[in-house]
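These notes concern the structure reproduced below.
Predicted model only: the values in this text are computed from it and were never measured. Chain letters run A, B, ... following the sequence lines, proteins first, then strands; residues in each count from 1.
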Protein chains: 2
Amino acid sequence: MMNSHTVHVQDPDLAALAGLLADRTRASFCLALLDGRAWTAIELARHAGVAASTATEHLNLLVTGGLLAQERQGRHRYVRLADPATAELIENLAAMAPRRAAPPSLPAVSRSRALARARTCYDHLAGALGVAITTAMTDRGLLDWEQGLTLTGDGTAWLAELGITLPPARRRPPVRSCLDWTERRPHLAGTVGAAFCRHAFDSGWVNRIGTSRAIALTDAGQRALRDHLSLTGASFVAERT
Amino acid sequence: MMNSHTVHVQDPDLAALAGLLADRTRASFCLALLDGRAWTAIELARHAGVAASTATEHLNLLVTGGLLAQERQGRHRYVRLADPATAELIENLAAMAPRRAAPPSLPAVSRSRALARARTCYDHLAGALGVAITTAMTDRGLLDWEQGLTLTGDGTAWLAELGITLPPARRRPPVRSCLDWTERRPHLAGTVGAAFCRHAFDSGWVNRIGTSRAIALTDAGQRALRDHLSLTGASFVAERT
DNA sequence: ACGATCGTTCGGCGCGGGCCGAAGAGTCCT
DNA sequence: AGGACTCTTCGGCCCGCGCCGAACGATCGT
């Protein structure tokens with residue numbers, strides 16, 4: 001039985017959702033959380049340059065609004081993006097948003113260079129590294145861009161060879177193109193992108209640089225990319241410290 | 001030569017973009033414009049229940065913000081969504097936004113029933129009609145949902161048989177799943193969805209109901225759906241007046 | 001020429017929301 | 001037990017912004 005005729009059309013409260021992101025501080029929180037990790041309230045407060053009390057209020061709004069999930073451990077309040085759909089929404093918004101000139105301070109430049117090389121974008125790899133991997137996979141026929149982005153049979157076999165098993169396809173698409181705001185080129189996201197990223201961390205191919213969202217490609221990682229993707233290059237390799 | 005190392009990372013001004021949609025009136029404008037047509041300033045003002053002067057200010061913001069495109073004809077100011085990417089962004093936001101109870105006035109109920117049956121969603125067909133067509137195409141093997149949404153070889157042939165020629169694939173994906181806020185099921189969008197919708201209007205399969213975004217399936221349209229998709233049903237057929 | 005309609009500009013009003021600092025509760029470490 | 005740290009609550013400030021009405025200019029119809 002259809003009962004759609006008894007359902008009143010309820011307008012989506014677009015303004016309420018957009019209002020959550022319409023504040024500099026809250027937007028800064030969400031962009032920071034795009035690295036996929038859980039941050040504490042004070043980390044976010046310092047990141048955005050506001051008082052702890054202000055951060056608390058903003059986090060309350062974002063959590064009750066459903067954009068953020070929180071988890072309390074001891075005296076810490078950890079928050080992260082609620083789910084991949086939320087991350088995707090923020091990515092899309094960020095990709096369309098106008099740029100805002102950042103103060104080109106010296107440490108900021110060095111940080112931005114590390115971020116441009118390689119970083120996580122929610123649950124997958126981004127930066128020059130993410131783009132290079134995606135391009136190499138396309139060149140080897142593992143990905144197909146003809147109709148949107150799809151994983152080829154060769155691609156499935158290649159993943160299996162690496163020991164990456166994919167969860168059964170549910171709501172979330174296995175492969176998805178993600179365009180973030182430093183690299184202006186698309187890179188691999190979706191469950192495959194997430195699985196590959198996890199595999200790269202587990203196999204020691206990449207490591208986090210300190211506590212930032214930037215990551216560094218290890219020697220093992222360079223070998224792996226050369227062996228499995230014939231991928232060599234310098235643009236995504238971190239400088240020696 | 002890579003020159004990415006000279007490019008300063010500029011944070012996307014997410015708050016500015018979200019701020020454009022963070023107002024009830026502006027959000028109401030954008031949702032109305034999701035039907036894909038151009039509206040005049042006063043039409044939007046009346047739709048949202050604000051003074052003309054207020055609408056002018058909001059439209060200025062939305063146009064300079066890049067979300068809307070405008071065209072002036074005589075004393076009229078026509079505005080429409082800037083491009084398909086903008087429409088998609090608003091769709092995604094609307095799909096995630098919390099529902100807001102609408103006052104269930106009697107004319108509103110009747111209007112909502114017509115909208116639920118069949119309407120345009122930006123440039124493609126939506127409502128029960130859009131969902132039924134999409135489902136039928138899937139059942140006949142014209143669409144494949146295994147890896148995201150793709151058009152099969154049979155699907156391409158079927159479109160050619162109808163006389164629908166597709167523009168060469170550029171940035172915009174040929175098929176895309178669109179989830180709007182009345183039907184909670186996905187329906188066909190992308191360039192294929194747009195081309196099919198245009199074909200349906202050109203062939204007299206559907207007509208606009210007055211000046212609303214609701215549409216009515218004609219007798220010719222019912223025959224076409226039966227012949228080409230073995231699709232029969234009542235949920236998407238308008239009542240006789 | 002005239003009224004009618006559409007759109008814009010401007011001044012002014014009022015409210016909401018973002019910010020802080022101070023005070024306090026809860027947690028961890030030593 | 002004590003200090004250090006994280007987080008929350010509250011009061012208060014103030015700016016921004018969404019709203020309107022009035023006046024005006026522009027355009028269309030007759």
Side-chain angles (χ1 to χ4, degrees), chain A residues 11 13-33 37-80 97-98 100 211, chain B residues 11 13-33 37-80 97-98 100 211:
Chain A
D11 284 350
D13 199 345
L14 217 168
L17 177 57
L20 290 177
L21 300 170
D23 171 78
R24 275 218 189 305
T25 303
R26 287 194 295 271
S28 169
F29 286 5
C30 291
L31 289 176
L33 290 166
R37 293 177 302 157
W39 293 48
T40 68
I42 277 215
E43 283 172 345
L44 288 171
R46 278 198 273 264
H47 175 79
V50 295
S53 58
T54 305
T56 292
E57 295 170 6
H58 286 306
L59 290 179
N60 287 342
L61 290 176
L62 290 169
V63 168
T64 56
L67 290 183
L68 264 52
Q70 66 179 347
E71 202 170 338
R72 315 193 92 108
Q73 282 182 17
R75 59 182 164 180
H76 292 287
R77 176 192 202 178
Y78 287 101
V79 291
R80 53 182 167 75
R100 198 158 52 88
T211 60
Chain B
D11 284 351
D13 199 344
L14 217 166
L17 177 58
L20 290 177
L21 299 170
D23 173 77
R24 276 219 189 302
T25 303
R26 287 195 296 271
S28 168
F29 286 5
C30 291
L31 289 175
L33 290 166
R37 293 177 302 157
W39 293 49
T40 67
I42 276 217
E43 282 173 344
L44 288 171
R46 279 198 271 264
H47 175 78
V50 295
S53 58
T54 305
T56 293
E57 295 169 6
H58 286 307
L59 290 179
N60 288 342
L61 290 175
L62 289 169
V63 168
T64 58
L67 290 183
L68 267 66
Q70 65 179 346
E71 202 170 337
R72 314 193 92 106
Q73 282 181 20
R75 59 180 164 182
H76 292 289
R77 177 193 201 176
Y78 287 101
V79 290
R80 53 182 167 76
R100 197 158 52 87
T211 60

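- A:Ala45 approaches A:Ala51 most closely through the heavy-atom pair CB-O, 4.1 Å.
- DNA chain C is contacted by both B:Ala41 and A:Glu57; B:Ala41 maps to the nucleotide lying nearer its 5′ end (nearest heavy atom per residue).
- Atom-to-atom, CD1 of A:Ile42 to P of C:dC28 comes out at 15 Å; the value is rounded to the nearest Å.
- As rounded to whole Å, 15 Å separates atom P of C:dG17 from atom CG of A:Asn60.
- At a cut-off of 3.5 angstrom, counting only N and O atoms as typed in the model, there is no donor on one side facing an acceptor on the other between the side-chain of A:Arg75 and the base of D:dT6.
- Rounded to whole angstrom, the span from the CG atom of A:Leu21 across to the C1' atom of C:dG18 amounts to 16 Å.
- The separation between B:His76 atom NE2 and C:dC6 atom C1' is 7 Å, rounded to whole Å.
- Considering only side-chain N and O atoms, A:Thr54 lies nowhere under 4.0 angstrom from the phosphate OP1 or OP2 of C:dC19.
- Between A:Asp23 and B:Ala15, the closest heavy-atom pair is C-CB, 3.6 Å.
- Distances from the side chain of A:Leu61 to the nucleotides C:dG18, C:dT9, D:dC7 place C:dG18 closest.
- In the set D:dC19, C:dG18, D:dT8, the nucleotide with an atom closest to the side chain of B:Thr25 is D:dC19.
- Rounded to an integer number of Å, the gap from A:Arg24 CZ to D:dC15 C1' is 15 Å.
- Taking 4.0 angstrom as the limit, B:Ser53 places none of its side-chain polar atoms (N or O) nearer than this to OP1 or OP2 of C:dT9.
- The phosphate of D:dC17 (OP1 or OP2) has no side-chain N or O of B:Arg26 nearer than 4.0 angstrom.
- At whole-Å resolution of the value, CG in B:Leu44 and C1' in D:dC19 are 17 Å apart.
- One can place OH of B:Tyr78 at 9 Å from P of C:dG7, the figure rounded to the nearest angstrom.
- Among all heavy-atom pairs drawn from B:Phe29 and B:Ala55, the shortest one is CZ-CB, 3.9 Å.
- A:Arg24 has its side chain within reach of B:Asp13: a pair of non-hydrogen atoms, C-beta onward, lies under 4.5 Å apart.
- Proximity of a side-chain donor or acceptor of A:Arg26 to a complementary backbone N or O of A:His58 within less than 3.5 Å is not detected.
- To the nearest angstrom, P of C:dG7 lies 9 Å from CZ of B:Arg46.
- Taking every side-chain heavy atom of B:His58 into account, D:dG18 is the closest of D:dG18, D:dC7, C:dG18.
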